[in-house]
Amino acid sequence: MSEEQLQKPINCADVKGEAEKISTTERGIKAAEDKEKSVVAEASGKQAEGEVNQKKVVANPLKSEGTITIGEALEAAVLTAGNKPVEWSDAAAIQAAEVRATGRTNIMPGGVAASAQSAATLNARVGSDDTKTTLADVLTGASSKLPSDKAATRKDAEGVTGAEMRNDPHLTTYPTGVAASVAAAARINQSK
């Protein structure tokens with residue numbers, strides 16, 4: 001990192017720009033991996049050259065019909081608390097939701113949880129609420145940013161609520177925030 005980069009203040013546009021660069025890089029890597037896999041398949045004789053693979057790929061295998069997924073619950077939080085600046089408790093709740101939705105224990109670079117952590121760090125340094133990154137900035141399109149998703153359950157809601165409470169200075173959750181949205185989705189799913 002250069003001296004100029006260290007001296008330059010961080011702003012919301014810088015964080016969003018970096019997130020877009022990471023996302024673009026990941027798409028390029030994914031495309032290269034897919035191309036490599038198709039070359040290996042052609043070389044092994046699994047699929048003839050010029051033949052189209054007719055298999056259907058299910059993007060979200062754990063998503064059940066008629067239920068609300070964790071990704072959709074995160075997007076619902078945009079509607080209820082989208083103007084709220086991202087705080088540490090929100091970032092922790094989003095991370096817990098991403099872990100439960102994907103089944104991975106680590107945070108994906110460029111994912112929803114990584115964006116939320118970056119936003120919380122940025123917001124802690126910024127004084128004015130007008131320039132802070134909001135939940136809407138982080139969670140818009142959350143279900144499409146998750147590599148896999150699943151229906152929200154009561155256990156998921158408890159985990160997300162616990163993460164939000166542990167990282168809040170007053171040990172509370174935001175009434176219409178991330179934990180509330182996942183809990184509402186779990187209640188709706190349970191009643192079906």
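Basis for what follows: all heavy atoms, side chains included, without hydrogens, waters or symmetry-related copies.
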Going by side chain to side chain contact (heavy atoms under 4.5 Å, CB included), name the residues that satisfy it together with I188, two or more places apart in sequence or in a different chain. I68, K192

A113 versus Q95, closest heavy-atom pair with distance: CB-CA, 3.6 Å

In chain order, what residues pass the side-chain hydrogen bond (donor to acceptor under 3.5 Å, both in side chains) check against T172, with sequence neighbours excluded? D168

Return the CG to OG1 distance between N123 and T131, rounded to the nearest 0.5 Å. 8.0 Å

Please check: side-chain N/O of D149 versus main-chain N/O of T69, any donor-acceptor pairing under 3.5 Å? no

Which heavy atom of G177 sits nearest to which heavy atom of A81, and what is that distance? CA-CB, 4.2 Å

Output all residues satisfying side-chain hydrogen bond (donor to acceptor under 3.5 Å, both in side chains) with R187, sequence neighbours left out; order by chain, then residue number. none

Kindly give the heavy-atom pair with the smallest separation between A157 and V182, and that separation in Å. CA-CG1, 3.8 Å

List the residues meeting side chain to side chain contact (heavy atoms under 4.5 Å, CB included) with A179, not counting sequence neighbours, and say none if there are none. V160, T161, E164, T173

Could you list all the salt bridge (charged side-chain N to carboxylate O under 4.0 Å, His left out) pairs where at least one residue sits in residues 103-122, not counting sequence neighbours? none

Exercise: identify the closest heavy-atom pair between G71 and L146: CA-CD1, 3.8 Å

Would you kindly say whether E72 and S143 are connected by a side-chain donor-acceptor distance under 3.5 Å? no

For side chain to side chain contact (heavy atoms under 4.5 Å, CB included), just list the numbers for V78 and L135, CA-CA rounded to whole Å, side-chain angles, deciding distance to a tenth of an Å, and then say yes or no. CA-CA 6 Å; V78 171; L135 285 174; 5.7 Å; no

Of all residues at least two apart in sequence or in a different chain, which pass the side chain to side chain contact (heavy atoms under 4.5 Å, CB included) check with T105? none

Side-chain donor/acceptor of K145 to backbone N/O of T140, under 3.5 Å: yes

side-chain hydrogen bond (donor to acceptor under 3.5 Å, both in side chains) against T153, all qualifying residues, sequence neighbours excluded: D156

Mind checking side chain to side chain contact (heavy atoms under 4.5 Å, CB included) for A114 and listing every partner two or more places apart, or none if nothing turns up? I107

Measure the CG-CD distance between L74 and E98 for me, rounded to the nearest 0.5 Å. 9.0 Å

List the residues meeting side-chain hydrogen bond (donor to acceptor under 3.5 Å, both in side chains) with T134, not counting sequence neighbours, and say none if there are none. D137

Does CG belonging to N83 count more than 12 external heavy atoms closer than 6.0 Å? no

Please list every donor-acceptor pair under 3.5 Å in which a side-chain atom of residues 84-92 meets a protein atom from a residue at least two apart or in another chain.
residue: K84; atom: NZ; partner: D90; partner atom: OD1; Å: 3.2
residue: K84; atom: NZ; partner: D90; partner atom: OD2; Å: 2.4
residue: D90; atom: OD2; partner: E87; partner atom: N; Å: 3.0

Nearest heavy-atom pair of R100 and K150: which atoms, and what distance? O-CE, 3.3 Å

Search all heavy atoms of A96 against all heavy atoms of A163 and return the closest pair with its distance. CB-CB, 3.8 Å

